[in-house]
Amino acid sequence: MADTKREIERKYEGPAAEGDAGLPELTGVAGVASVIDKGVAELDATYYDTADQRLAAASLTLRRRTGGSDAGWHLKLPVSQDVREEIQAPLSDDLPRSLSGLVRSRVRDAELVPLVRLRSARDIRHLVDDSGALLAEVSLDRVRAERLSGGEGTAEWTEIEVELADDGDPAFLDKVEKKLRKAGLVRSSSASKLAKALAETAPKTKGKKPKAPAPETDPVTAGDHVLAYIRAQRDAIVELDPAVRRDVYDSVHSLRVATRRMRSAFRSYGKVLDRTVTDPIGDELKWLAGELGVDRDQEVLTERLTQSLADLPRNLLSGPVRTRLRTWSHARSSGSRRRLIAVLDGKRYLDLLTALDAIVADPPLLKAAAGDPSTVIAKAVRKDFKKVSDLIEEALDRPSGADRDFAMHEARKKAKRTRYAAETAAPALGKPAADLVKSMKSLQTLLGDHQDSVMVREAVLGLATQAHAAGENAFTYGVLYGREEQRAAAAEAALPEAWETIVGRAAV
């Protein structure tokens, strides 16, 4: 079983951290009542990565550490500056499965090897307030690094680390930093001990110094803009994978959106990227989105029905409606956590990630990719917008009923695709594209509410049939059905004016 904690810490270096100078005096820090000497801990950590350092490139660290109060396996995931999620698992000889899955989107089928060994003598102080509550832990670490793979270098250094107490106020770290700066310390030039160890134990190259990677330049051509969007979605898919495995709130939905955005970009910009190459990948993205959405539609239906029941006056509730809703929801739910993890661990998903890497590394660009984005990209967005327009006009021409429901649903899907195409175009086309994104989002919301009402009505009919067969009073289901009809009618009534406003604003 793995435990997670949010780690907020800062590292410092400078003359005051060298030699036997020890930790600077910190009793003068505002809010600190006393500084408690916790002694010296001997820590021994081995860091693991692939031979080509895929985890380090993504600022992830995976280690097995003995000594100290939290011996075990630790995986650290970046959140923001100074903030990381640390996921801990008990000490064992082999990497626990609870952690191996969290690095799978990065590691794929590559082997994890011991990369660096860090042995530290950690001199620890606790900063506490007048009630004895911990504010922060400050340590002076004397570190010895030994390269285990990709070289044989060693290095030694001393640094000071300040880690905020759980649920502490990050502003407290600023107060500590002010005191440390007065003592001659500065922020560490390395983001982590591992980063410093890798830099200082890297093999020395003979001859010319290797060139630094060329900095990324702003997109210029139509192809540049489309690839920037594609790359962002590929990165999102890989980065969201661990969050989905940990069941982080909204992570499944966010990953599903990233897959849909990429697939839409392939379809919208078929004049830029060769669809004979991207269509098979798009099919796999559609498969992944479907797997991610196994429970999503059910969750939406359950949430909407639950809220509708909560909004009903008591005198309109007849029979065990809430109990039947819970039973129905549980029966239809696939309990897909285990299934979803199996999908993410499967070869098909890993092959898809490899294909996405290949598209980014060697994109199948067509002639139009070299064109001016104000022409090429704008034309693609207009084409998508025209499809939405045709479907909206078709829906408005049809009488209320199943045919209109279908046309509005199709328009919703095309509105989503147009929104994503406009997102791609926004850096190149500016405000007109950004305005179209907003317009399509509002249209998508209106049409989505209508489609939800269609789905809820189907669910209510099914529930009413079950209730009637069980001899229960079906009155409340009729009330719910009627309310959903009203919501659908309201959306249909609002559509003409909403669409007229969107058409009037469209400038792409």
Side-chain angles (χ1 to χ4, degrees), residues 249-250 252-253 256 260 286 289-340 391-392 394-416 442-496 498:
Y249 174 74
D250 205 41
V252 172
H253 174 65
R256 195 182 187 196
R260 285 174 163 175
K286 183 179 181 180
E291 293 291 345
L292 292 166
V294 167
D295 278 349
R296 176 61 180 169
D297 292 341
Q298 180 64 26
E299 288 174 3
V300 170
L301 289 175
T302 300
E303 288 174 6
R304 184 147 168 169
L305 280 169
T306 300
Q307 185 59 52
S308 295
L309 282 174
D311 293 340
L312 283 183
R314 279 181 172 272
N315 64 330
L316 296 182
L317 288 172
S318 298
V321 182
R322 288 193 174 90
T323 300
R324 179 159 296 282
L325 175 58
R326 284 194 298 269
T327 303
W328 170 82
S329 178
H330 180 74
R332 286 174 58 95
S333 174
S334 62
S336 64
R337 283 299 305 165
R338 188 176 301 173
R339 171 191 170 94
L340 180 53
L391 285 167
I392 292 293
E394 182 180 343
L396 293 176
D397 286 343
R398 292 182 176 184
S400 184
D403 286 345
R404 175 178 279 190
D405 292 344
F406 178 79
M408 291 180 70
H409 181 47
E410 290 299 302
R412 173 176 173 258
K413 292 191 289 186
K414 289 298 186 294
K416 188 182 299 184
S442 66
L443 179 63
Q444 185 182 327
T445 299
L446 176 63
L447 296 175
D449 191 58
H450 181 273
Q451 178 61 17
D452 286 347
S453 77
V454 173
M455 300 299 294
V456 171
R457 276 179 281 159
E458 290 180 3
V460 168
L461 282 176
L463 286 165
T465 301
Q466 293 176 15
H468 179 72
E472 298 167 7
N473 191 323
F475 170 78
T476 300
Y477 301 104
V479 175
L480 292 174
Y481 191 95
R483 289 196 167 198
E484 288 299 334
E485 279 189 317
Q486 290 178 342
R487 293 180 72 167
E492 292 178 24
L495 181 59

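One-based numbering along the sequence shown.
- Applying the side chain to side chain contact (heavy atoms under 4.5 Å, CB included) criterion to Ala467, with sequence neighbours excluded, gives Arg324, Glu472, Tyr477.
- Atom CZ of Arg260 sits about 10.0 Å away from atom NZ of Lys413, to the nearest 0.5 Å.
- The backbone N or O of Asp403 lies less than 3.5 Å from a partner atom in the side chain of Arg398, making a donor-acceptor pair.
- Rounding to the nearest 0.5 angstrom, the gap separating the CG atom in Leu317 from the CG atom in Leu480 is 8.5 Å.
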* Would you check, one step at a time, whether the test side-chain contact (heavy atoms from CB on, under 4.5 Å) holds for Leu495 with Met408? => CA-CA 10 Å; Leu495 181 59; Met408 291 180 70; 4.0 Å; yes
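- Each salt bridge (Lys or Arg N to Asp or Glu O under 4.0 Å) pair with one or both residues in residues 449-462, not counting sequence neighbours, appears once here: Arg304-Asp449, Arg304-Asp452, Asp449-Arg487.
- Among all heavy-atom pairs drawn from Thr302 and Thr306, the shortest one is O-OG1, 2.7 Å.
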* I would like to know whether Glu492 and Ser400 meet side-chain contact (heavy atoms from CB on, under 4.5 Å); could you show each step before the answer? => CA-CA 8 Å; Glu492 292 178 24; Ser400 184; 3.2 Å; yes
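- In this structure, Lys414 NZ and Lys416 NZ are separated by 11.5 Å, a value rounded to the nearest 0.5 Å.
- Heavy-atom minimum distance, His450 versus Ala488: CD2-O, 3.5 Å.
- Taking NE2 from His409 and CZ from Arg412, the interatomic distance works out to 6.5 Å, rounded to the nearest 0.5 Å.
- At a threshold of 4.5 Å between non-hydrogen side-chain atoms, the residues Val454 and Gln451 count as touching.
- Nearest heavy-atom pair across Ala411 and Ile392 is CB-CD1, 3.7 Å.
- Here Leu305 contributes atom CG and Glu484 contributes atom CD; the two are 7.0 Å apart, rounded to the nearest 0.5 Å.
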* Asked: Between Thr476 and Leu316, does a side-chain contact (heavy atoms from CB on, under 4.5 Å) hold up when you go through it step by step?
  -> CA-CA 6 Å; Thr476 300; Leu316 296 182; 5.7 Å; no
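- Applying the salt bridge (charged side-chain N to carboxylate O under 4.0 Å, His left out) test to Glu485 and every residue at least two apart in sequence or in another chain returns nothing.
- A distance of 9.0 Å separates CG of Asp397 from CZ of Arg404, quoted to the nearest 0.5 Å.
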